[in-house]
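Take a look at the structure below.
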Amino acid sequence: MGKLVTFVLEIFRLLFLLALTMIVLGGLEQGLFKLLYDRTLYPGSAGIGNFIVFFVLYRNYWQFKGWFQSDKNQKLGMSLTASLTFLSLLLILLPFGVPVLG
């Protein structure tokens, strides 16, 4: 298989994993928020946090399991991974700490 074909397949795989991650994490957060506050969650900061979780997972794990292999594939550094994970956790938990008024 040519490099272009494997690259295109990897892009589709990336988009599928992104959609799956956002749907699963968003659904879990919506269900938990509804259970705790009996309201729907505004997905602003939690959506950004979920995207950061996806980015960390993709760069540190999923990119090495895909079809497109490159010498430029590298894991994120340990401190950057920890910082991004903390930031995403903060953004995901923010709506739970400050429930929507109304």
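Residue indices begin at 1 and follow the sequence shown.
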query = Can you name the ring-ring contact (aromatic ring centres under 6.0 Å, His included) partners of Phe7, sequence neighbours left out?
reply = Phe68
task = Would you check if Phe54 and Leu14 make a side-chain contact, meaning some heavy-atom pair closer than 4.5 Å?
result = yes
query = Can Ser88 and Asn50 be said to form a side chain to side chain donor-acceptor pair (under 3.5 Å), step by step?
reply = CA-CA 7 Å; Ser88 68; Asn50 292 341; over 6 Å; no
task = Of all the heavy-atom pairs spanning Phe64 and Gln74, show the shortest one and how long it is.
result = CZ-C, 3.9 Å
query = Which heavy-atom pair separates Ala46 from Glu29 by the least distance, and what is that distance?
reply = CB-OE1, 3.5 Å
inquiry  = I'd like to check Leu94 versus Leu90 (side-chain heavy atoms, cut-off strictly below 4.5 Å). Are they in contact?
reply    = no
request  = Identify whether Val24 and Phe16 are in the same connected component of the hydrophobic contact network (ILVMFWY, side-chain heavy atoms under 4.5 Å).
outcome  = yes
ask   = Does one hydrophobic cluster hold both Phe86 and Met78, with members joined at side-chain heavy-atom distances below 4.5 Å?
value = no
message = Measuring from atom CG of Leu84 to atom CG of Leu91, what distance do you get when rounded to the nearest 0.5 angstrom?
response = 10.5 Å
task = Report the distance from atom CZ of Phe55 to atom CG of Asn60, rounding to the nearest 0.5 Å.
result = 8.5 Å
note = In this structure, CZ of Phe12 is separated from CG of Leu17 (nearest 0.5 Å) by 13.5 Å
message = Working note: Trp62 + Thr21, criterion side-chain contact (heavy atoms from CB on, under 4.5 Å); need CA distance, chi angles, decisive distance, verdict.
response = CA-CA 12 Å; Trp62 287 331; Thr21 303; 3.6 Å; yes
ask   = What is the distance from atom CG of Leu28 to atom CZ of Phe33, rounded to the nearest 0.5 Å?
value = 15.0 Å
query = Would Val56 and Tyr61 satisfy side-chain contact (heavy atoms from CB on, under 4.5 Å), going step by step from the backbone distance to the final call?
reply = CA-CA 8 Å; Val56 170; Tyr61 180 73; over 6 Å; no
query = Within the distance-only criterion (no hydrogens, no angle test), does the side chain of Gln63 pair as donor or acceptor with the backbone N or O of Arg59 below 3.5 angstrom?
reply = yes
message = Please determine whether residues Leu93 and Ile48 belong to a single hydrophobic cluster, defined as Ile, Leu, Val, Met, Phe, Trp and Tyr linked transitively by side-chain heavy-atom distances below 4.5 Å.
response = no
task = Could you check if a side-chain atom of Ile92 sits within less than 4.5 angstrom of a side-chain atom of Val53, using non-hydrogen atoms only?
result = yes
task = First locate atom CD1 of Ile52, then atom CG of Leu57, and finally report the distance between them rounded to the nearest 0.5 Å.
result = 12.0 Å
